[in-house]
Amino acid sequence: MRKIILIAYLVSFLQNIGVAQSILPANQPALIPFPAKWAPAPGINQLHSEKDINWIQDSSIVNPEGYRLQIRPEKVVVYYREPAGAFYAKQTLQQLKNTDGSLPCLDIEDAPRFPYRGMHLDVARHFFPVEFIKEYIDLLAMHKMNYFHWHLTEDQGWRIEIKKYPRLQEVSAWRKETLVGHYSDQPHQFDGQLYGGYYTQEEIREVVQYARERFVTIIPEIEMPGHAQALLAAYPELSCHGQPVEVATEWGVFENVLCPTEETFTFMENVLLEVMDLFPGPYIHIGGDECPKIQWKESAFCQELMKKEGLKDENELQSYFIRRIDRFLTEHGRKLVGWDEILEGGLSPNATVLSWRGMQGGIDAAQGGHDVIMAPTSHCYFDYYQSKHPNEPLAIGGYLPLEKVYAFEPVPETLSQEEAMHILGAQGNVWTEYIPTTEQVEYMAFPRALALAEVLWSPLSKRDFLSFQNRLAQYLPKLDIHYADHLFDIRYELDGAALLLSNRMGLPMWVQAGGQSPALYTQPIPILTDTRIQAWRAAADGEPIGRLLDLDFHTHAAFGKRVTWTTPPHPNYQLGGTQALTNGILGNKNRYGDGEWLGWWGSDVELEVDLQEPQSIQNLQLRFFQSQGQWIYLPREVELFYSDDGIQFQSVAREAMPSTAESVLSFGLTFPETKARYWKMVITRFGKIPDGAQGAGNEAWIFLDEWILAP
Ligand code: ACM
């Protein structure tokens with residue numbers, strides 16, 4: 001599956017608030033976006049109406065989106081160059097306003113760091129009403145974001161009215177049912193409910209106008225040549241095999257793709273003519289990601305076309321496809337945007353690259369002189385889990401907490417100054433396979449979108465996560481949406497066999513260990529036996545607030561002991577570090593991005609543990625995660641070794657892995673009792689994913705959560 005995380009290539013919002021810590025007392029309203037410069041002036045302004053603001057056009061302001069703001073006891077003055085700057089000044093005033101309508105006196109000089117500050121929304125996997133799209137645009141604009149990437153077509157649904165092709169509305173906009181639960185749950189189950197809908201052209205014009213009034217440009221995305229199964233359900237003659245297909249009812253990457261025939265180009269160009277008529281902005285996104293080439297390989301037409309056009313492989317054929325569409329859009333005065341796969345087989349001359357499988361696509365494109373928007377899975381995929389808490393609602397996978405978004409740097413160090421000018425900015429992606437409701441969109445996008453807004457607006461030198469959190473804690477309750485409130489969650493780590501607790505806000509925490517009475521947490525808690533620890537943060541009156549932390553410790557001979565790895569896990573899946581393997585906490589059965597699971601990709605796993613003194617061991621227990629749809633397979637076999645000196649190891653047990661349909665395999669191995677201090681384990685990887693499976697031909701992943709050694 002796409003973005004499946006696993007694919008191995010795999011903030012000025014508060015901008016106004018960055019300096020707030022030193023300037024605003026704690027009870028000041030939090031502002032969200034952070035001016036480049038601001039200085040306090042004494043006093044308070046009682047702003048009674050917008051008429052009390054003087055708006056002064058000032059062409060000396062360099063950045064067209066920039067503005068200056070002076071708040072004095074007797075007046076408010078806004079200097080702006082372009083209307084967008086005036087609009088952003090207004091958002092800042094709104095954020096500055098106290099509940100009684102007063103404003104703190106200050107001077108602000110503000111402008112964005114990046115010209116592209118965006119959010120994406122997939123309305124195809126799940127469909128959201130026009131009213132919500134407007135609300136989403138409002139939320140973007142309030143936080144000084146200026147692009148909305150509207151992902152309108154997919155395998156699972158076509159959501160834009162195209163008058164020339166009515167079957168897109170009648171057929172492609174509807175799927176007969178939808179997958180229930182996670183793709184990795186087996187067997188797949190479906191809800192049996194017809195699902196779908198689309199935006200009429202009238203509705204789209206209304207949304208475009210609404211966005212324009214808020215200085216938000218919409219980039220429509222019409223996916224080609226892959227992710228087109230819904231289209232093919234209505235017009236099967238545009239595939240290479242011409243066979244009937246259904247609008248997809250489950251998630252993934254599908255082999256039914258557009259065939260690069262003249263008929264297809266005519267069709268897509270006609271679609272794009274209507275799209276361009278609806279969306280006046282400079283950019284048209286044509287997808288280009290995750291296009292399996294199997295049907296092109298099997299098609300005599302494609303093979304003939306490749307010969308005729310001198311294309312050496314199917315990647316070049318995809319590049320030929322994109323180049324033709326690029327030429328068409330360029331002729332019509334528009335710019336093509338595509339996901340970074342459009343680099344494969346040669347990048348089309350006028351293309352802007354949206355780099356999602358990491359930063360490399362963006363780096364290559366910028367070095368080739370192309371404009372780039374960054375949206376790497378590592379920092380910009382807001383469909384990933386945002387908390388390790390076991391009660392998180394079902395998500396696609398991954399783990400992208402707020403602080404990681406806030407730490408995002410869109411400009412890679414490797415670029416020269418000139419190349420770096422091609423990094424227009426970044427966007428957050430909200431894919432909606434596991435996001436069926438508008439409330440859930442809000443929950444997944446906020447506050448991570450606010451962190452990104454601050455990254456994209458504020459100067460790097462003003463970024464300060466502590467300050468951001470403090471501003472956020474005051475600001476979030478004012479946002480009338482279903483945001484994720486994880487600021488107060490308790491975090492844990494193990495230092496040897498001692499449990500350390502903390503929370504971002506430094507609030508008092510209460511702990512209940514085993515059956516004992518609750519006590520205020522003051523120092524690390526030694527874990528001596530199997531035990532359950534619950535912890536919560538407390539309000540001033542001692543009442544629990546926020547989510548409960550609930551940990552079940554399983555102690556064993558290697559518990560709290562230091563593990564070293566010869567083969568490190570993949571950087572995206574080593575969050576818990578080596579200690580995750582011996583911290584006595586088992587990984588979540590439903591997700592591998594929880595910090596307990598470690599993931600290896602394309603290598604065997606080789607680990608050593610030092611038990612500090614010789615211990616008698618006769619049992620090995622391991623847990624492996626399995627989700628073949630996400631490229632995660634059980635390994636082939638496990639071999640265990642022991643040593644007295646940590647140098648010479650001898651094999652003591654070796655066994656092939658049994659198979660299971662479960663998402664977690666608990667693997668146990670008993671062997672003759674052996675006393676030793678040093679232990680080593682080699683886990684042989686599955687290898688390449690077989691044909692016909694998701695990710696065929698790629699290396700499979702191994703996910704392991706705990707290395708249990710027992711007497
Ligand atoms: C993507 O996530 N397939 C762009």
Side-chain angles (χ1 to χ4, degrees), residues 9-15 18 33-37 61-66 81 84-85 88 109-120 143-147 149 217 219 281-283 285 288 326 335-344 346-381 400 404-429 449 451-465 468 571:
Y9 325 89
L10 285 233
V11 188
S12 147
F13 116 95
L14 290 188
Q15 127 243 64
F34 178 55
K37 282 185 204 159
I61 293 173
V62 177
N63 190 315
E65 296 181 295
R81 188 179 114 187
Y88 294 134
E109 187 177 331
D110 199 12
R113 179 175 169 207
F114 290 100
Y116 187 105
R117 307 175 301 279
M119 283 293 289
H120 150 286
H143 302 106
K144 303 185 176 124
M145 288 185 135
N146 61 349
Y147 281 91
H149 171 178
T217 301
I219 303 185
Y283 295 110
H285 195 310
D326 183 16
K335 295 188 209 175
L336 176 147
V337 186
W339 299 107
D340 60 62
E341 283 95 331
I342 65 170
L343 284 151
E344 291 163 8
L347 187 53
S348 187
N350 302 316
T352 297
V353 170
L354 224 173
S355 192
W356 73 280
R357 294 177 300 180
M359 307 284 276
Q360 193 57 47
I363 293 171
D364 293 346
Q367 286 175 339
H370 290 260
D371 283 348
V372 170
I373 301 156
M374 289 294 189
T377 54
S378 57
H379 293 81
C380 296
Y381 269 50
L400 176 52
K404 190 163 179 197
V405 179
Y406 195 82
F408 181 47
E409 175 44 46
V411 181
E413 274 178 7
T414 47
L415 295 184
S416 70
Q417 228 169 0
E418 198 190 328
E419 289 160 355
M421 296 297 289
H422 286 294
I423 310 296
L424 303 180
Q427 69 177 38
N429 288 347
L452 186 62
E454 185 151 310
V455 164
L456 294 172
W457 185 284
S458 300
L460 194 53
S461 60
K462 285 273 167 39
R463 255 200 259 165
D464 173 350
F465 187 64
F468 174 76

_CD on Gln360 to OG1 on Thr414, rounded to 0.5 Å_ = 7.0 Å

_Contact summary for Ala351 and Ile342, nearest pair of heavy atoms_ = CB-CD1, 3.8 Å

*asked:* Contact between Thr377 and Arg357 at the side-chain level, heavy atoms closer than 4.5 Å - yes or no?
replied: no

*Partners of Glu419 by salt bridge (charged side-chain N to carboxylate O under 4.0 Å, His left out), sequence neighbours excluded?*
none

_Cys380 and Asn429, any side-chain heavy atoms less than 4.5 Å apart_ = no

_On a heavy-atom basis, which atom in Gly361 and which in Asp340 lie closest, and how many Å separate them?_
CA-CB, 4.1 Å

_Testing the basics here: between Phe408 and Ala426, what is the closest heavy-atom pair and its distance to 0.1 Å?_
CE2-CB, 3.8 Å

*asked:* Can you list everything that forms a side-chain hydrogen bond (donor to acceptor under 3.5 Å, both in side chains) with His422? Sequence neighbours excluded, please.
replied: Asp371

*asked:* With rounding to the nearest 0.5 angstrom, report the CG to NE2 distance, Leu424 to His370.
replied: 12.5 Å

*Return the set of residues passing side-chain hydrogen bond (donor to acceptor under 3.5 Å, both in side chains) with Tyr147 (not counting sequence neighbours), or none when no residue passes.*
none

*Which residues satisfy the ring pair (Phe, Tyr, Trp, His ring centres under 6.0 Å) test with His149, sequence neighbours excluded?*
His120, His285, Trp339

*asked:* Does Lys335 have more than 12 heavy atoms from other residues, nucleotides or ligands lying within 6.0 Å of its NZ?
replied: no

_OG on Ser416 to CE on Met421, rounded to 0.5 Å_ = 10.5 Å

_Nearest heavy-atom neighbours spanning Leu452 and Gly428_ = CD2-N, 3.2 Å

*Which atoms form the tightest heavy-atom contact between Gly66 and Pro112, and what is the distance?*
N-CD, 4.4 Å

*Within the side chain of Asn146, is there an N or O that forms a donor-acceptor pair under 3.5 Å with the backbone of Pro115?*
yes

_Spacing of Ile219 atom CD1 and Thr352 atom OG1 [to the nearest 0.5 Å]_ = 8.5 Å

*Heavy-atom distance under 4.5 Å between the side chains of Thr217 and Pro282, does that happen here?*
yes

*asked:* Could you work out, with side-chain hydrogen bond (donor to acceptor under 3.5 Å, both in side chains) as the rule, every residue matching Arg113, not counting sequence neighbours?
replied: Glu409

*Contacts of type side-chain contact (heavy atoms from CB on, under 4.5 Å), residue Pro64, not counting sequence neighbours*: Arg81, Glu82

*Shortest non-hydrogen contact from Ala365 to Val353?*
CB-CG2, 3.7 Å

*asked:* Test of understanding: with side-chain contact (heavy atoms from CB on, under 4.5 Å), list the residues that count as partners of Ala407, not counting sequence neighbours.
replied: none

_Backbone N/O of Ile423 and side chain of Tyr116: donor-acceptor pair under 3.5 Å_ = no

_From Leu456 atom CG to Lys144 atom NZ, the distance as rounded to the nearest 0.5 Å_ = 13.0 Å

*Do His379 and Pro410 have side-chain heavy atoms sitting under 4.5 Å apart?*
no

_Gap between atom CG of Asn350 and atom CG of Leu336 - 0.5 Å precision_ = 8.5 Å

*In chain order, what residues pass the ring pair (Phe, Tyr, Trp, His ring centres under 6.0 Å) check against Phe114, with sequence neighbours excluded?*
none

*Name all residues meeting the salt bridge (charged side-chain N to carboxylate O under 4.0 Å, His left out) criterion together with Asp326; count only those two or more places apart in sequence or in a different chain, and write none if there are none.*
none

*For Asn63, check side-chain hydrogen bond (donor to acceptor under 3.5 Å, both in side chains) against everything at least two apart and list the hits.*
none

